[in-house]
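Note that the structure is a prediction, hence the values are computed from the model and not measured. Basis for what follows: all heavy atoms, side chains included, without hydrogens, waters or symmetry-related copies.
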Number of protein chains: 2
Amino acid sequence: MSHIRILIVEDEPLIAMSTSAMLEGIDYEVSAIAYDSDEALEQLRSDPPDLALLDVNLKSKLDGIQIGEIIRDQYDLPFIFLTSYAGESIVERAKLTRPMGYIVKPFDEKDLFTAIEIALYNYAQFVHPLKLDMERLNKKLPSPLTPREFDIIKDIYEGKTNQQLAKRHFISINTVKTHVKHLFEKLDVQSRAEALVMLRNLNQAQP
Amino acid sequence: MSHIRILIVEDEPLIAMSTSAMLEGIDYEVSAIAYDSDEALEQLRSDPPDLALLDVNLKSKLDGIQIGEIIRDQYDLPFIFLTSYAGESIVERAKLTRPMGYIVKPFDEKDLFTAIEIALYNYAQFVHPLKLDMERLNKKLPSPLTPREFDIIKDIYEGKTNQQLAKRHFISINTVKTHVKHLFEKLDVQSRAEALVMLRNLNQAQP
DNA sequence: TTAAAAATCACCCTGTGGGGTGATTCCCCC
DNA sequence: GGGGGAATCACCCCACAGGGTGATTTTTAA
């Protein structure tokens with residue numbers, strides 16, 4: 001697998017550097033170091049990483065928690081908070097952003113490694129899989145879906161009707177029906193609602 | 001809110017005791033300390049806690065990771081791994097169980113507190129809310145669902161048809177249709193599939 | 001090059017789903 | 001004791017979903 005790319009947002013250069021060195025020591029790639037919130041947002045926009053490490057006590061326009069809120073709302077990647085201070089009020093604020101981890105300073109390579117691995121894994125398990133992944137799905141099916149059928153099921157998963165599917169994919173509604181029929185057989189269901197439930201369950205299940 | 005009850009599974013008495021003291025110092029309740037896997041399973045069965053702290057390197061029939069698997073499959077509660085050793089192979093095994101956290105020894109009160117708070121919160125956000133909760137749902141709706149409508153929507157959420165609903169609730173299919181019509185209006189949807197999508201989104205959203 | 005699989009489309013047919021309207025009973029609250 | 005929401009039910013209507021059958025073309029693999 002290719003390198004996991006990590007963005008560090010930390011205003012204390014010494015900590016940023018040592019964190020960066022640790023990450024590279026355990027085979028991650030540091031996509032960038034942002035020393036304030038503007039740089040962080042710019043990096044997120046121009047070169048989104050696979051994961052972000054956010055200093056909670058960032059001294060800039062936005063602090064780490066506010067950046068976390070932006071990531072949660074506007075980006076599709078997990079983030080982990082770094083902090084030296086873990087007072088109750090901070091944690092209260094932080095957890096509302098639903099971070100995938102929280103590391104208390106001082107930390108070492110082991111702390112980083114486990115937090116990142118768990119964060120990436122749980123993010124893939126609980127957050128991202130709301131979007132369907134064809135390979136993952138097909139592994140769980142006795143007979144796999146074709147690419148076209150997968151296109152269709154993605155929209156069914158979003159609640160679309162046959163007519164909407166026909167327009168969106170520039171095909172006849174009859175063709176849509178054929179695809180739907182086939183994928184219902186493969187999923188072993190008899191209605192869209194059942195299909196949604198089946199996908200929910202398959203998605204939640206073991207990879 | 002009442003005390004969060006935590007089960008400690010740790011075969012090293014000194015660590016177990018100090019962990020227990022830390023937890024009580026930060027206002028959690030220690031439901032029990034289990035010194036081996038048999039005790040842990042017995043406690044889970046007879047007096048399930050709100051969260052479990054599992055020593056990965058447990059020296060007994062089952063190690064911490066195996067207990068984690070059992071909790072994931074058979075119980076509905078989050079767990080956090082404790083370990084002094086964070087080798088890659090251990091982390092690989094551990095993350096497959098989808099723990100809600102991972103703490104590397106030695107740790108202090110702050111580490112414990114943040115890991116537990118984040119774990120409980122994320123668990124409630126990502127895992128448990130697959131089950132519908134009427135109060136939570138109604139808070140997000142402009143006009144709330146009645147109890148009966150909620151009974152119905154729970155089954156729609158499981159992919160049931162109107163006929164199945166009628167039988168299951170001992171009411172006429174016409175009554176089912178009336179309820180369905182009302183709750184579709186309240187959810188602002190026009191089909192079961194759309195309702196499923198809406199519920200998925202509402203459930204995933206901020207509480 | 002040829003066979004198999006995937007994608008496209010058509011037609012028919014039935015059942016259910018979803019919308020509209022209206023009515024009754026029960027119970028709670030003012 | 002009367003108003004109002006909740007729960008129950010009926011009937012009509014029609015669009016759409018879902019199943020069956022069959023056919024053509026394009027792509028892929030053998």
**Q** Counting any heavy atom closer than 4.0 Å, what does B/N162 reach on the DNA or RNA strands: base, sugar-phosphate only, or nothing?
**A**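 If one applies the 4.0 Å heavy-atom cut-off, B/N162 turns out to touch the sugar-phosphate alone, with no base involved.
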
**Q** Would you tell me if any nitrogen or oxygen in the side chain of B/T146 comes within less than 4.0 Å of OP1 or OP2 on D/dA7?
**A** yes

**Q** In whole angstroms, how far is the C1' atom of D/dA7 from the NZ atom of B/K186?
**A** 12 Å

**Q** Can you tell me which residue among A/H179, A/K154, A/K186 is in a side chain to side chain donor-acceptor pair (under 3.5 Å) with A/E149?
**A**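 By the side chain to side chain donor-acceptor pair (under 3.5 Å) criterion, A/E149 pairs with just one of A/H179, A/K154, A/K186: A/K186.
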
**Q** If you apply the rule side-chain contact (heavy atoms from CB on, under 4.5 Å), what do you find for B/T83 with A/T114, and how did you get there?
**A** CA-CA 10 Å; B/T83 185; A/T114 55; 5.7 Å; no

**Q** Among B/R168, B/K160, B/R148, B/K167, find the one that has a salt bridge (charged side-chain N to carboxylate O under 4.0 Å, His left out) with B/D155.
**A** B/R168

**Q** A/L183 CG to D/dG18 C1': how many Å, rounded?
**A**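 Distance check: A/L183 CG to D/dG18 C1' gives 12 Å.
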
**Q** Could you pick out which residue, B/K177 or B/I171, lies toward the 5' side of DNA chain D when each is mapped onto its nearest nucleotide?
**A** B/I171

**Q** Whole-Å distance between D/dG5 P and B/R148 CZ?
**A**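 Value for this atom pair: 20 Å.
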
**Q** Give the rounded distance in Å between these two atoms: CZ of B/F184 and P of C/dG18.
**A** 4 Å

**Q** What integer distance in Å separates B/D188:CG from C/dG18:P?
**A** 15 Å

**Q** Can you establish whether the number of heavy atoms outside A/D108 located under 6.0 Å from its atom CG is more than 12?
**A** yes

**Q** Judged by each residue's nearest nucleotide on DNA chain D, which is more toward the 5′ side, B/H179 or A/V189?
**A** B/H179

**Q** Hey, does the side chain of B/T178 come within less than 4.0 Å of D/dC9's phosphate (OP1/OP2), counting only N and O?
**A**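 No, B/T178 has no side-chain N/O under 4.0 Å of OP1/OP2 on D/dC9.
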
**Q** For B/I153 and C/dG17, give me the distance from atom CD1 to atom C1', rounded to whole Å.
**A**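 Roughly 16 Å, once rounded to whole Å.
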
**Q** Quick one: which of D/dT8, C/dC9, D/dC16 gets closest to the side chain of A/Q163?
**A**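 Nearest to the side-chain atoms of A/Q163, counting from C-beta on, is D/dC16.
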
**Q** Could you tell me the separation between the CD1 atom of B/I173 and the P atom of D/dC12, rounded to a whole number of Å?
**A** 16 Å

**Q** For B/Y28 and B/H3, which heavy atoms make the closest approach, and how far apart are they?
**A**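 Closest heavy-atom pair between B/Y28 and B/H3: C-ND1, 4.5 Å.
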
**Q** Using whole Å, report how far CD of B/Q190 lies from P of C/dG18.
**A** 10 Å

**Q** For C/dC9, does OP1 or OP2 lie under 4.0 Å from any side-chain N or O of A/T175?
**A**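 Answer yes for this pair, as a side-chain N or O of A/T175 is under 4.0 Å from OP1 or OP2.
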
**Q** Does A/N174 have a side-chain nitrogen or oxygen under 4.0 Å from the phosphate oxygens OP1 or OP2 of C/dC9?
**A** no

**Q** A/T161 side chain N/O closer than 4.0 Å to the phosphate oxygens (OP1, OP2) of D/dC16?
**A** no

